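Nothing here was measured: the structure is a model prediction, and the numbers come from that model. Side-chain atoms are counted along with the backbone in the values below, which use heavy atoms only and exclude waters and symmetry mates. Sequence positions, counted from 1, serve as the residue numbers for this chain.
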Amino acid sequence: VVQHSFSEIVDIASGDSHSPFYYFIVKCFCEVFGYNDWAYQFSSFFPYLVLMILSLTLVRKWFGIEVSVLMSVMLSVVPVSVNYITEVRMYEWALMFVFLLTLSAYAFCQRPNVVNAVLLVVCGLGSAYIHLCAMVSAGAIFLAVIVVMFIRRRILFVVISGALSFSVMLPSWGAVTTRM
C-alpha cells in the first residue's frame with residue numbers, strides 16, 4: 001500500500017477497515033529510509049523509542065523513578081509489547097498516541113492553558129485517526145478530562161473540553177461509520 005501515492009493510499013484505504021493515517025506514517029519513513037524491510041520495521045520501532053524516552057524523562061519527572069522503571073520494563077519485556085515493536089502494524093503507534101494523549105490530559109487538568117489544550121487536540125487526533133480502539137480510548141480520556149474539570153468547578157474548561165472532544169472525535173467517527 002505504501003508504495004502508492006498519498007492520494008492512491010486514501011483510495012485503497014477507503015475500502016479497508018484501517019485509516020490511511022498509519023499508511024502515511026509508514027510511507028514517510030520509507031521516503032526517508034527507502035522502501036525496504038528495515039524502514040518498515042523501524043516505522044514500528046520508532047514509537048517504542050518515543051515511549052522509552054518519555055518514560056525515562058517526563059514520566060520520571062512527573063511520577064517518580066519507580067513508575068518510570070515499571071513502564072520501561074513493561075514496554076520492553078511483556079511479550080505482546082515486544083511482538084508489536086517488531087511487527088509492521090499500527091498498534092505501537094496507537095499505544096504511543098494514546099499515551100501522549102494521557103500525558104496531555106494530565107497536563108491540561110493540572111494547568112488548563114492554550115498549549116496544553118493544543119497538545120490535547122493534536123494527540124487526540126493522532127489517537128482517533130490511527131486505529132478504532134485508540135479512538136475509543138481517546139474518547140474515554142476526553143470524558144475523564146471533562147469530569148475532572150466539572151468536579152473542579154471550571155465550567156469554562158468543561159465547555160472547552162467538551163468542544164475539543166467533539167471536534168476531535170466527530171471527523172474520525174464519520175470516517176469509521178462510512179467504512180462499516
Working note: M96 + L54, criterion side-chain contact (heavy atoms from CB on, under 4.5 Å); need CA distance, chi angles, decisive distance, verdict.
CA-CA 10 Å; M96 184 192 75; L54 284 171; 5.7 Å; no
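When all heavy atoms are compared, the tightest approach of L101 to L120 is CD1-O, 3.5 Å. Residues E92 and S44 approach most closely at CG-O, 3.6 Å, considering heavy atoms. I130 and A94 make their closest contact through CG2-CA, 3.6 Å (heavy atoms, listed as atom of the first residue, atom of the second, distance). Heavy atoms only, all atoms of each residue included: M149 and C109 are closest at CE-CA, 3.4 Å.
Considering only heavy atoms from C-beta on, M90 stays 4.5 Å or farther from V26 through its side chain. Here the side chains of N113 and F108 are not in contact, with every heavy-atom distance at 4.5 Å or above. Proximity of F97 to Y129: side-chain heavy atoms (C-beta onward) are nowhere separated by under 4.5 Å. In this structure, the side chains of L119 and N116 come closer than 4.5 Å at one or more pairs of heavy atoms. Contact check for L95 versus Y91: no side-chain heavy atoms found under the 4.5 Å cut-off.
Note that CG of L49 is 11.0 Å distant from CG of L75, once rounded to the nearest 0.5 Å. Atom CG of L56 sits about 8.5 Å away from atom CE of M71, to the nearest 0.5 Å. Distance OG/S104 to CZ/F99: 10.0 Å, rounded to 0.5 Å. For the atom pair CD1 (I25) and SG (C30), the distance works out to 12.0 Å, reported to the nearest 0.5 Å. The line from OG of S127 to CG of L100 is 7.5 Å long, rounded to the nearest 0.5 Å.
Under the 4.5 Å side-chain contact rule for hydrophobic residues, F63 and V50 share a cluster. By the rule that hydrophobic residues join a cluster once side-chain heavy atoms approach within less than 4.5 Å of another member, I53 and V69 end up as members of separate clusters. Taken together through direct or relayed side-chain contacts under 4.5 Å among Ile, Leu, Val, Met, Phe, Trp and Tyr, V32 and I9 form part of one hydrophobic cluster. Hydrophobic clustering places V10 together with I12 (ILVMFWY residues linked when any side-chain heavy atoms are closer than 4.5 Å, directly or through intermediates).
Evaluation of the ring-ring contact (aromatic ring centres under 6.0 Å, His included) rule for F42 yields F29, F33, W38 as partners, not counting sequence neighbours.
More than 12 heavy atoms of other residues, nucleotides or ligands shown are found within 6.0 angstrom of CG on N36.
A distance-only check finds a donor-acceptor pair linking the side chain of S43 to the backbone of Y40 [under 3.5 Å].
Ring pair F45/Y48: centre-to-centre distance below 6.0 Å.
The aromatic rings of F24 and F6 lie perpendicular to each other, with more than 60° between the two planes, well past the 30° mark.
Using modelled atom types, one finds no donor on one side chain facing an acceptor on the other under 3.5 Å when comparing K27 with Y22.
The side chain to side chain donor-acceptor pair (under 3.5 Å) pairs that include a residue from residues 59-74 are S55-S72, where partners are two or more places apart or lie in different chains.
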